[in-house]
Every structure is written in structure tokens, then in C-alpha cells.
Amino acid sequence: QVQLVESGGGLVQPGGSLRLSCAASGSIFSIYAMGWYRQAPGKQRELVATITSGSSTNYADSVKGRFTISRDNAKNTVYLQMNSLKPADTAVYYCNAQIRRPTELGYGNYWGQGTQVTVSS
């Protein structure tokens, strides 16, 4: 069993900041990539940012310069620091991780339950 639990969402005003956290737990052998995706009402889920175990990162163009993804490998945790938030950032944010379990071959994709981020005045 693998579980990803997000936290840190909430309601903020435009220009504000939030820091999301996602901790992986359970039967884990190793974690390669971790990332954040988001889904707004009526839209498909989109990539926000990803980070590998070697700390290589990539970002959606819409968040470059405003969001920063990082991870603590010892804690199996990924973070998303979100600054200069805009109403367009309003969405449910989902944590994703590529995790190798002791009883499985390769890496499987796992998702958290999502955390709501609302940017509104």
C-alpha cells in the first residue's frame, strides 16, 4: 500500500503565497519523480511542475518564475512553493509520484487525493 497525502491548500488573495506539501508513505522501495498537477472546474488535469530524484525540474509555462518545486528525499516529501498567486491558479492540486514498491517491477504512478487552492479577493 502506498499513500500520498497533500496539505497546505486554502483560500488566499491574489498576490498571496501558499506552500503545498505531499508526503508519500507505505510500502516504498524508492521514488523517482514527484510532481504536482492541477485541475480547474471544466478543464482537464494539467502538469504544474515535476522534480526527479536528482532534483531536475520542469514547470508549466504559466507558473514559471512564480512556483518552485522541491523535495526532501529522506522524508519522501515534495513541496510546491506558490508565490504571486492569480485567480487562474484556482484548482484542485494533486500530488503525483513514480514509486517503486518492493514487490513490483519498475515504477508505478500514484496520486494523492488533492488539495483545494482558491485565489480570490
Side-chain angles (χ1 to χ4, degrees):
Q1 181 179 344
V2 173
Q3 183 174 216
L4 302 180
V5 179
E6 302 102 330
S7 62
L11 174 64
V12 297
Q13 294 184 330
S17 297
L18 284 174
R19 190 189 191 209
L20 305 183
S21 299
C22 172
S25 62
S27 181
I28 298 172
F29 181 76
S30 63
I31 301 177
Y32 177 57
M34 303 187 79
W36 292 93
Y37 295 72
R38 67 187 183 187
Q39 187 166 23
K43 298 182 179 179
Q44 69 178 34
R45 189 173 299 184
E46 65 176 349
L47 180 147
V48 178
T50 61
I51 184 169
T52 69
S53 60
S55 297
S56 296
T57 61
N58 77 299
Y59 298 88
D61 288 341
S62 60
V63 307
K64 287 180 179 178
R66 299 188 298 120
F67 292 10
T68 301
I69 189 170
S70 61
R71 64 189 287 174
D72 185 334
N73 291 331
K75 297 181 178 180
N76 289 333
T77 299
V78 64
Y79 307 94
L80 185 68
Q81 179 66 47
M82 304 186 294
N83 298 325
S84 302
L85 284 162
K86 306 174 181 179
D89 296 318
T90 296
V92 177
Y93 284 70
Y94 296 92
C95 178
N96 172 266
Q98 294 179 324
I99 298 174
R100 182 175 182 177
R101 301 179 65 189
T103 59
E104 296 180 355
L105 297 176
Y107 292 89
N109 279 293
Y110 296 85
W111 294 90
Q113 84 289 345
T115 184
Q116 177 71 48
V117 172
T118 302
V119 184
S120 176
S121 59

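The structure displayed is predicted, hence computed values, not measured ones.
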Open item on the list: Once side-chain contact (heavy atoms from CB on, under 4.5 Å) is applied, do any residues pair with Ala97, and if so which ones, sequence neighbours excluded?
Closed with: Leu4, Ile31, Met34, Ile99
TODO: Please collect all disulfide (SG to SG under 2.5 Å) contacts where either partner lies in residues 24-61, sequence neighbours excluded, each pair once.
DONE: none
Open item on the list: As a test of understanding, state which of Asn96, Leu80, Val63 forms a side-chain contact (heavy atoms from CB on, under 4.5 Å) with Trp36.
Closed with: Leu80
Open item on the list: Ser62: which residues meet the side-chain hydrogen bond (donor to acceptor under 3.5 Å, both in side chains) condition with it, sequence neighbours left out?
Closed with: Arg38
Task: Pairing residues for Lys43 by the side-chain contact (heavy atoms from CB on, under 4.5 Å) criterion, not counting sequence neighbours - done: Ala40
Task: Any Tyr94 side-chain heavy atom under 4.5 Å of Gln39 side chain - done: yes
Open item on the list: On a heavy-atom basis, which atom in Cys95 and which in Val78 lie closest, and how many Å separate them?
Closed with: SG-CG1, 3.8 Å
Task: Those residues that, when tested against Arg66, pass salt bridge (charged side-chain N to carboxylate O under 4.0 Å, His left out) (two or more places apart) - done: Asp89
Open item on the list: How long is the straight-line distance from CD of Glu46 back to OH of Tyr37, given to the nearest 0.5 Å?
Closed with: 11.0 Å
Task: Pairs meeting criterion ring-ring contact (aromatic ring centres under 6.0 Å, His included) with involvement of residues 45-65, two or more places apart - done: none
- [ ] Could you please spell out the steps behind the side chain to side chain contact (heavy atoms under 4.5 Å, CB included) verdict for Val119 and Lys86?
- [x] CA-CA 6 Å; Val119 184; Lys86 306 174 181 179; 5.5 Å; no
Open item on the list: Starting from Tyr79 and following side-chain heavy-atom contacts under 4.5 Å between hydrophobic residues (I, L, V, M, F, W, Y), which residues can be reached?
Closed with: none
Would you give me the side-chain donor-acceptor pairs under 3.5 Å for residues 9-29, sequence neighbours excluded?
| from | atom 1 | to | atom 2 | distance (Å) |
| --- | --- | --- | --- | --- |
| Ser17 | OG | Asn83 | OD1 | 2.9 |

Identify every side-chain donor-acceptor pair in residues 102-114 under 3.5 Å, counting partners at least two apart or on other chains, and give the distances.
| from | atom 1 | to | atom 2 | distance (Å) |
| --- | --- | --- | --- | --- |
| Tyr107 | OH | Ser30 | OG | 3.4 |
| Gln113 | NE2 | Glu6 | OE1 | 3.2 |

Task: salt bridge (Lys or Arg N to Asp or Glu O under 4.0 Å): pairs with one or both residues in residues 48-65, sequence neighbours excluded - done: Asp61-Lys64
Open item on the list: Assigning hydrophobic clusters by single linkage (Ile, Leu, Val, Met, Phe, Trp, Tyr; side-chain heavy-atom cutoff under 4.5 Å), is Val92 placed with Val5?
Closed with: no
